[in-house]
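Below: the structure, in structure tokens.
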Amino acid sequence: MSLMVPSTTPAAATLISPGRQALDSALFHLDQAADRLHLDDGLRTMLATPRRSLTVSVPVRREDGRMDVVQGFRVQHNTTRGPAKGGIRFHPSTDLHEVTALAMWMTWKCALVGIPYGGAKGGVSVDPASLSTRELERVTRRYVNEILPIIGPDRDIPAPDVGTDEQTMAWIMDTYSVNAGYPVPGVVTGKPTTLGGSLGRAGATSRGVQIATLKALTGSPEGRTVAVQGFGKVGAPAARLLADAGCRVVAVSDATGAVVDRSGLNVEDLQAWVRETGGVYGYRHADALSHEELLELDVDVLVPAALEGAITAENAPRVRARLIVEGANGPTTPEADRILADAGTTVVPDILANAGGVIVSYLEWVQNLQACSWSAGEVDAKLRELMESSFDAVAAMSAERGISLRQAAHAIGVGRVAEAHRMRGLYP
Ligand SMILES: NC(=O)C1=CN([C@@H]2O[C@H](COP(=O)(O)OP(=O)(O)OC[C@H]3O[C@@H](n4cnc5c(N)ncnc54)[C@H](OP(=O)(O)O)[C@@H]3O)[C@@H](O)[C@H]2O)C=CC1
Ligand SMILES: O=C(O)CCC(=O)C(=O)O
């Protein structure tokens with residue numbers, strides 16, 4: 001049984017919303033893994049269907065007194081291996097399909113790296129840049145109040161994603177705790193360290209991207225050229241860490257534009273420019289290029305670290321990077337994957353490459369539950385161990401079975417969740 005039919009032409013893809021395309025991709029990869037694992041139709045359907053999906057209306061009182069209403073979502077895709085876990089995204093194009101896809105990827109990711117969680121994701125269809133800090137706080141608190149009955153340290157633990165940050169997590173912790181009547185730091189991860197956040201969480205996803213890149217690059221990273229799409233919480237520290245490891249970061253982009261310097265960007269200086277001006281656009285010490293050109297640069301490594309659907313059937317034939325390390329979730333469509341595989345390009349898939357964030361979220365949650373705190377070195381050592389062992393398991397299966405790293409990662413992640421279903425007897 002096939003769970004879906006992916007759109008096969010670029011023209012067809014443009015008729016479908018980005019969220020629906022992301023969900024189609026997620027279902028396509030599940031389908032492939034289910035075939036490989038010989039899962040029966042009932043189990044396949046269970047794994048394709050979210051356990052719980054909540055859509056809420058979030059009224060926002062604007063500074064000028066107007067009242068807007070935006071949509072919010074929390075999808076718990078699976079809770080068979082443990083409480084649901086996953087970030088909260090604030091973005092204007094977020095919809096239920098996108099959040100469902102992202103929640104499903106969280107399930108496989110947590111299973112793949114062996115942490116005791118299911119998968120979830122949340123989102124609010126709002127542009128955070130268009131709101132004042134007070135409006136943002138009101139949206140966050142109201143959204144959390146609406147999803148309150150289904151979250152909690154034993155149920156579902158949110159974290160940052162696109163458009164949210166440590167401050168958002170602090171408001172979530174506070175809103176939940178005020179309702180509970182006592183402080184509940186373990187309800188959310190990615191908090192400021194003053195509220196029980198873990199050392200190392202802020203850069204954890206990027207550190208994982210660095211570890212995955214260094215594992216995937218055969219030979220020394222020295223002088224290897226890198227382009228990074230997205231210069232936010234994942235992309236900017238990833239660029240910096242890859243430069244620290246000896247790579248030459250030649251181009252980065254954000255929503256404002258893209259910049260290139262073949263002799264190597266000074267990432268720290270560029271971060272200072274972004275803090276000052278709000279984006280990479282106009283950076284003095286580099287040339288401008290288009291968003292599309294960045295993805296097609298002749299570089300050793302491309303790190304997509306923005307949104308889904310960046311590399312498609314349309315632009316994949318022009319992608320020249322030999323290695324793609326997916327900092328973002330779902331940046332490569334299944335059609336693009338096939339084109340890249342035929343061209344001999346290695347893709348380290350999202351559920352492996354960007355797992356550093358949820359790994360350190362898990363470490364933060366464990367510290368919260370035990371009321372203790374670990375040093376930055378302890379956290380980094382555990383992160384490194386889990387990233388490297390997960391990478392090795394995926395690479396070994398890929399080599400053994402002659403399948404892509406993405407297919408191997410999904411076979412392991414989906415296989416572990418399917419096995420947990422069988423053991424619990426949820427599927428008699
Ligand atoms: N934060 C985390 O811990 C984790 C995040 N991820 C994934 O990583 C990705 C990025 O998340 P995160 O860094 O947290 O999000 P942020 O909101 O911090 O950053 C997103 C970045 O993408 C940029 N961007 C948006 N649209 C484009 C575009 N068309 N071209 C180039 N850049 C663009 C934004 O630019 P601008 O600032 O100008 O809007 C911003 O620099 C997402 O896919 C997320 O799901 C995965 C695992 C964990
Ligand atoms: O840290 C977490 O719990 C989740 C991070 C996340 O949203 C992701 O890995 O996509």
Side-chain angles (χ1 to χ4, degrees), residues 18 22 83-94 98-99 101-110 112-113 115 117-123 127-130 156-166 168-169 188-191 197-198 200-209 227-239 251-259 270-271 274-275 277-281 289-295 303-311 325-332 350-365:
K85 185 86 186 85
I88 289 179
R89 174 172 294 198
F90 284 2
H91 192 274
S93 70
T94 289
E98 180 186 58
V99 174
L102 292 164
M104 190 181 296
W105 283 320
M106 286 307 307
T107 302
W108 317 142
K109 191 184 303 183
C110 293
L112 172 63
V113 298
I115 55 178
Y117 288 134
K121 206 80 170 198
D127 178 7
S130 72
D156 179 359
I157 306 114
D161 193 75
V162 173
T164 58
D165 58 16
E166 281 191 352
T168 327
M169 300 307 116
V188 69
T189 58
K191 302 175 288 295
S198 178
R201 174 60 184 89
T205 310
S206 318
R207 173 80 171 119
V209 166
V228 181
Q229 183 209 33
F231 204 58
K233 297 187 299 298
V234 176
V252 304
S253 66
D254 64 14
T256 68
V259 292
L270 181 54
Q271 281 181 295
V274 170
R275 273 194 299 275
T277 66
V280 301
Y281 179 79
L289 78 168
S290 71
H291 282 116
E292 275 301 313
E293 285 168 330
L294 178 130
L295 297 172
V303 179
L307 299 171
E308 303 90 68
I311 306 172
V325 183
E326 294 184 335
N329 287 301
T332 310
D350 44 13
I351 61 170
L352 173 62
N354 69 33
V358 74
I359 289 172
V360 178
S361 276
Y362 163 63
L363 301 176
E364 178 172 328
W365 179 73

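Treat the numbers as computed from the prediction; the structure is a model and nothing was measured. Indexing begins at 1, ligand by ligand and atom by atom, following the structure's order.
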### Task
Would you mind telling me if ligand 1 is within reach of the side chain of Thr205, the backbone, both or neither, using heavy atoms under 4.0 Å?
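The answer is the side chain of Thr205.
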Do [X] and ligand 1 have an N or O pair less than 3.5 Å apart?
X: Arg201; result: yes
X: Val234; result: yes
X: Gly278; result: no
X: Gly163; result: yes
X: Lys233; result: yes
X: Arg89; result: yes
X: Leu307; result: no

### Message
Less than 4.0 Å is my threshold; does some heavy atom of Gly87 fall inside it relative to ligand 1?
### Response
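Contact absent.
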### Query
Considering Pro331, Ala159, Ala306, Gly279, which one's heavy-atom position lies nearest to atom 27 (C) of ligand 1?
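The residue whose heavy atom sits nearest atom 27 (C) of ligand 1 is Ala306.
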Quick one: nearest non-hydrogen protein atom to [atom], plus distance?
atom: atom 9 (O) of ligand 2; value: Lys109 NZ, 2.6 Å
atom: atom 7 (O) of ligand 2; value: Lys121 NZ, 2.6 Å
atom: atom 3 (O) of ligand 2; value: Lys85 NZ, 2.6 Å

### Task
Measure Asn329 to ligand 2 on non-hydrogen atoms and call it side chain, backbone, both or neither using the 4.0 Å cut-off.
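Within the 4.0 Å criterion, Asn329 contacts ligand 2 through side-chain atoms alone.
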### Task
Classify the contact between Asp161 and ligand 2 as side chain, backbone, both or neither, using a heavy-atom distance cut-off of under 4.0 Å.
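Only the side chain of Asp161 comes within reach of ligand 2.
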### Distance-only donor-acceptor check, side chains Thr164 and Asp161, under 3.5 Å
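Result is no, nothing qualifies.
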### Message
Checking side-chain polar atoms at under 3.5 Å, does Ser93 have a donor or acceptor matched by the opposite partner on Glu98?
### Response
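Not at all, the side chains of Ser93 and Glu98 share no donor-acceptor pair under 3.5 Å.
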### Query
Applying a strict 4.0 Å limit to heavy atoms, is Arg201 in contact with ligand 2?
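In this structure, Arg201 qualifies as a contact of ligand 2 - some heavy atom is under 4.0 Å.
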### Query
Heavy atom of Gly190 under 4.0 Å from ligand 2?
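Contact check Gly190 vs ligand 2: negative.
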### Query
N/O to N/O below 3.5 Å, does that happen between Gly87 and ligand 2?
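Yes, since at least one N or O of Gly87 sits under 3.5 Å from an N or O of ligand 2.
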### Task
State plainly whether the residues Lys121 and Glu308 are in salt-bridge range, i.e. N to O under 4.0 Å.
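Judged by the 4.0 Å cut-off on N to carboxylate O distance, Lys121 and Glu308 do not form a salt bridge.
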